[in-house]
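The block underneath contains the structure these notes are about, expressed in structure tokens.
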Amino acid sequence: MADSSLGHDESESGTPTEAEVTADAVEPAHTSAGQTRTEVPLAQTDPCAYWHQVRRLYGSSGAAIVGNILEWYDWTLYGYMEDILMQVFGISHTTAWTVFAIPFVVRPLG
């Protein structure tokens, strides 16, 4: 017999199932109405579904990480080579730092 309101299965003998025993070990969560309910983490109840969600949520983060690394590499390289670029292109120190600073100001705008 299953108690659908709690999401727990009971065997015919009335002994708790493994999910119920695991649920009792988890700290209760409080709802907005002040009631207490017990939640079992998805990783414990269905590991395949948990890893599917993790891969879906973080699947595109690899490209963002690589893009961020390349961007900071570009900034670092420009910072180290600023003196050389000033001599080659004949620009002033203030102009070189302005070119370096403009993206920091504009980046939060999108």
Side-chain angles (χ1 to χ4, degrees):
M1 181 178 273
D3 183 6
S4 62
S5 64
L6 296 176
H8 298 294
D9 294 330
E10 293 180 7
S11 63
E12 292 294 323
S13 64
T15 58
T17 62
E18 183 180 345
E20 290 175 331
V21 173
T22 305
D24 291 337
V26 177
E27 288 187 30
H30 297 285
T31 62
S32 60
Q35 300 170 343
T36 304
R37 61 184 165 83
T38 304
E39 292 183 7
V40 179
L42 183 61
Q44 289 180 354
T45 58
D46 191 0
C48 291
Y50 170 75
W51 285 111
H52 179 70
Q53 277 188 336
V54 168
R55 281 191 296 274
R56 185 175 50 87
L57 290 171
Y58 297 111
S60 62
S61 63
I65 290 170
V66 170
N68 201 6
I69 289 171
L70 290 174
E71 181 180 0
W72 281 102
Y73 173 75
D74 180 38
W75 289 88
T76 304
L77 189 64
Y78 181 82
Y80 283 129
M81 296 187 66
E82 179 190 5
D83 292 333
I84 297 169
L85 294 173
M86 285 185 337
Q87 292 173 359
V88 170
F89 294 107
I91 57 176
S92 69
H93 184 70
T94 305
T95 306
W97 274 104
T98 303
V99 170
F100 192 65
I102 286 174
F104 276 112
V105 174
V106 174
R107 186 175 184 192
L109 301 176

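Sequence positions, counted from 1, serve as the residue numbers for this chain.
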- prompt: Side chains of Y50 and V54: does their closest heavy-atom pair fall under 4.5 Å?
  reply: yes
field: Same apolar cluster: M81 and Y73, side chain cutoff 4.5 Å
entry: yes
- line: Closest non-hydrogen atoms of S92 and T95, given as atom of the first, atom of the second and distance, are OG-OG1, 2.9 Å
query: Are F89 and Y80 linked, directly or through other ILVMFWY residues, by side chains that come within less than 4.5 angstrom of each other?
result: no
query: Can you tell me how far the CH2 atom of W75 sits from the OH atom of Y78, to the nearest 0.5 Å?
result: 9.5 Å
- request: Please name the pair of heavy atoms, one in H93 and one in M86, separated by the smallest distance, quoted to 0.1 Å.
  value: CA-SD, 3.4 Å
message: As an exercise, state the distance from CG of L77 to CG of L85, rounded to the nearest 0.5 Å.
response: 8.5 Å
- request: Say whether Y58 and W51 are linked into one hydrophobic cluster, either directly or through other cluster members, by side-chain heavy-atom distances under 4.5 angstrom.
  value: yes
query: Considering all heavy atoms of both residues, which atom of T94 and which atom of T98 are nearest to each other, and what is their separation?
result: O-OG1, 2.7 Å
query: Would you say V66 and W72 are hydrophobically clustered, going by side-chain heavy atoms of ILVMFWY under 4.5 Å?
result: no
